[in-house]
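Structure record follows, encoded as structure tokens.
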Amino acid sequence: MSSPLPDGFSDLEPWIDWAQPTELARNHKRWSASMAQSQAFYDVMQARGADALAYLNQFPLTALDAPQRTLLNMCLALAEVAVTVEMYGEPQPKYVFPIDRFVPVHDSWPLGATGPMMGGA
Amino acid sequence: MTGTETSGRFTARYPQEGTGPIPVERYTSNAYFEQEKTAVFRRKWLNVGHELQAPKPGDYFVVQLQVADTSILVVRGKDGVIRAFHNMCSHRGAPVAWDAQGHCRGFLTCRFHGWVYDTTGKLVHVSDAGNFPSVRAEDNGLAPVHCGVWNGFIFINLAKEPEETLDAYLVPVAEHIGRYDFSGFVPAFSYRIDENVNWKTLQEAQLEGWHLPFLHEKTLARAVKVEGRQYRHSAIELHGLHGVLGSPPPDSFTPPPTAMLASQFGTGTVQAFGTKADKGADGYQFRGSFDFWHLFPNFFIGLLDGLFFTFNIWPVAVDRSIWEIKGYYPPVSNAGQLFAQEYSKVGLRDPMMEDCFTHELMAAQLKSGAKPVIHFQDEEILVRHLGNGVDQCVRGLA
């Protein structure tokens, strides 16, 4: 069985459920995590995020394989969990509109594409 | 200018805006809303999108305009020209384009019975033409809508004959916004929110920054942090029916660790929020660390150093509106740039979700009739300006 993450990043496997493919899913993960889980993931990505991005930067965004995509999605999840840790100090802040009604239309755009995908072209 | 303690400075500069209370009826009355539809939305130039949504000949997109009971098809012709039409087949009224966006090879075919139009709106094929003896193709093209493009932004006007050209409509702001270098950006994000709120209430939080230290205490407040004094915009300017807010750079700003990580790899919020950028004498003159331009009646262009974003606020009913948010960044080619963009985007998104949280609560309460009026202070003069502009249109004065 092949490794779910690129060589050199297997230490991140315990947090692999943060690697969600869309903003909607990453935000749901952020809101469903406990503060302890959020802090743990935040801490490990603060330690490893720069290495992961430097590694991924060797490849064109549109040519990433599945393990590399997983690692990228973990990095993108840091952008979400950073709000929990650095701003609200809690995973489920009150007085915030739900993302299910704040629809990220761009979630359907292909990775690395600029704007909405046009049919045909 | 930044951080002066002056009160009443904008009211003194723009005395015509007044200082009195605002009738709640403007937000709750169906009759007033019907007047807005006629006096504002069927007369003024309306932004419906950006050229980047239809970059190639044959690309099109559709904008639902419930406020005018129509759907608008925007298509880039084989000649490269952007045109707008009512999205309606001449046969029996079915939509010509059924998807929110797409691409055609020079022709759009109605899926109902196969009538075909070219990208200039001309009817080029009537199915079973022999059975339509009274239909002349030259009289039955798509119904055109006045359309113009300025700096990539696509505007339409629903009047039979617009009272002024798009250029004339934008004269008060064109020289200012036009200095911003809009080249090299691509669509990076897009949100759509369907809210039970009046379209003016929805816009009002975007027309003043004074709520930032309160509503956005945990999020954006750090980007405008002022110690021991009242929040003061770095600038507010009224330009005809339009206007701009400048957000004051913070007294001090310590970027959090993730912002520092993002700034190592791409366009981040650190650069954008920290200071007021200087683009030189010929460049865009930033009023603050970020500037919010409001183009009457329902369009915003937020200008930051390194990115810009737009809001279109579409009334559906007196108590329902659609908020469309679109962000434009430099193209992203690697993971680090994408991460920096994601962090920047989330940093803008969450405060807007906080804004949203207030909209429906306010809209519901305004309906109660408990208060006949609401109030705006000097730093909220751009909010007042929107309401005044709408009211002048309704009263036939603008």
Side-chain angles (χ1 to χ4, degrees), chain A residues 23 26-27 30 42-43 45-46 49-50 52-62 64 68-69 71-73 75-90 93-99 101-109 111-121, chain B residues 50 52-56 58-59 61 99-105 186-195 215 218-219 222 256-259 261-262 264-265 323-328 331-339 342-347 349-350 352-360:
Chain A
E23 180 175 333
R26 288 189 291 272
N27 189 267
R30 165 183 146 196
Y42 174 86
D43 289 344
M45 290 309 292
Q46 286 299 330
L53 292 168
Y55 162 77
L56 292 169
N57 269 2
Q58 301 174 89
F59 314 99
L61 196 53
T62 48
L64 300 183
Q68 291 165 343
R69 270 299 285 270
L71 184 61
L72 171 63
N73 288 334
C75 293
L76 297 179
L78 171 60
E80 289 284 350
V81 80
V83 182
T84 296
V85 174
E86 296 174 350
M87 297 196 178
Y88 289 113
E90 54 181 326
K94 290 169 76 179
Y95 319 132
V96 178
F97 203 70
I99 198 163
R101 294 183 58 201
F102 201 104
V103 180
V105 177
H106 49 263
D107 270 351
S108 64
W109 300 355
L111 186 67
T114 55
M117 181 170 51
M118 293 297 170
Chain B
H50 194 281
L52 292 168
Q53 291 171 257
K56 295 183 297 297
D59 288 346
F61 61 93
D99 297 321
Q101 79 240 348
H103 176 82
C104 70
R105 293 191 188 168
V186 294
F189 64 76
S190 174
Y191 297 96
R192 186 176 190 279
I193 311 102
D194 186 342
E195 301 179 64
L215 185 67
K218 300 277 182 64
T219 52
R222 70 187 70 201
T258 313
L261 178 64
Q264 287 175 40
F265 289 95
W323 187 8
E324 292 176 345
I325 300 167
K326 300 190 187 100
Y328 299 83
V332 157
S333 63
N334 64 40
Q337 291 167 353
L338 186 68
F339 170 74
E342 187 80 3
Y343 180 75
S344 169
K345 176 185 74 175
V346 169
R349 182 202 67 196
D350 282 29
M352 292 191 288
M353 293 165 90
E354 293 174 331
D355 288 329
C356 266
F357 190 86
T358 68
H359 295 159
E360 292 186 348

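All figures in this text were calculated on a predicted structure; none of them were measured in a lab. Every chain is numbered from 1, with letters handed out A, B, ... down the list of sequences.
For chain A, the nearby part of B:Phe265 is the side chain; its heavy atoms alone come within less than 4.5 Å. The contact between A:Val96 and chain B is made by backbone and side chain atoms together, counting heavy-atom distances below 4.5 Å. Heavy atoms of A:Asn27 lying under 4.5 Å from chain B belong exclusively to its side chain. Heavy atoms closer than 4.5 Å to chain B are found in the side chain of A:Arg30, but not in its backbone. Only the side chain of B:Ile325 comes within less than 4.5 Å of a heavy atom of chain A; its backbone N, CA, C and O stay farther away. For chain B, no part of A:Leu64 is nearby; none of its heavy atoms comes within less than 4.5 Å. The contact between A:Pro60 and chain B is made entirely by backbone atoms, counting heavy-atom distances below 4.5 Å. Residue contact with chain B, scored on non-hydrogen atoms closer than 4.5 Å, involves the side chain of A:Leu72 exclusively. Contact of B:Glu324 with chain A is not made at all, since no heavy-atom distance falls under 4.5 Å. For A:Pro93, no part lies under 4.5 angstrom from a heavy atom of chain B.
Considering all non-hydrogen atoms of both residues, B:Glu342 and A:Ala79 come closest at CG-CB, 3.8 Å. In terms of heavy-atom proximity, B:Ala335 sits nearest to A:Leu53 at O-CD2, 3.8 Å. Across every non-hydrogen atom of B:Asp350 and A:Tyr88, the tightest pair is OD2-CE1, 4.1 Å. B:Tyr343 and A:Ala82 make their closest contact through CE1-CB, 4.2 Å (heavy atoms, listed as atom of the first residue, atom of the second, distance). The shortest heavy-atom contact between B:Pro257 and A:Glu86 is CD-OE2, 3.4 Å. The heavy-atom pair separating B:Ser190 from A:His106 by the smallest distance is N-ND1, 2.9 Å.
The closest donor-acceptor contact from the side chain of A:Asn57 to the backbone of B:Asn334 lies at 3.5 Å or more, if one exists at all. With hydrogens and angles ignored, the 3.5 Å screen pairs no side-chain donor or acceptor of A:Arg101 with any backbone N or O of B:Ile193.
For B:Arg349, the salt bridge (charged side-chain N to carboxylate O under 4.0 Å, His left out) criterion is met by A:Glu23, A:Glu80, not counting sequence neighbours. When the ring-ring contact (aromatic ring centres under 6.0 Å, His included) test is applied to B:His50, the partners found at least two apart in sequence or on another chain are B:Phe153, B:Tyr328.
For the set A:Met45, A:Arg26, A:Gln68, A:Gln46, the entry with the most heavy-atom pairs within less than 4.5 Å of chain B is A:Gln46.
Between A:Tyr95 and B:Thr358 there is no side-chain heavy-atom pair separated by less than 4.5 Å. Side-chain atoms of B:Met352 and A:Phe102, non-hydrogen and from C-beta on, do get closer than 4.5 Å to each other. Between A:Leu56 and B:Leu338, the closest side-chain pair of non-hydrogen atoms is not below 4.5 Å.
Between the CD atom in B:Glu195 and the CZ atom in A:Phe97 there is a gap of 5.0 Å [rounded to 0.5 Å].
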**Prompt:** Is there a side-chain contact (heavy atoms from CB on, under 4.5 Å) between A:Tyr42 and B:Thr258 once you walk through the steps?
**Reply:** CA-CA 9 Å; A:Tyr42 174 86; B:Thr258 313; 3.6 Å; yes
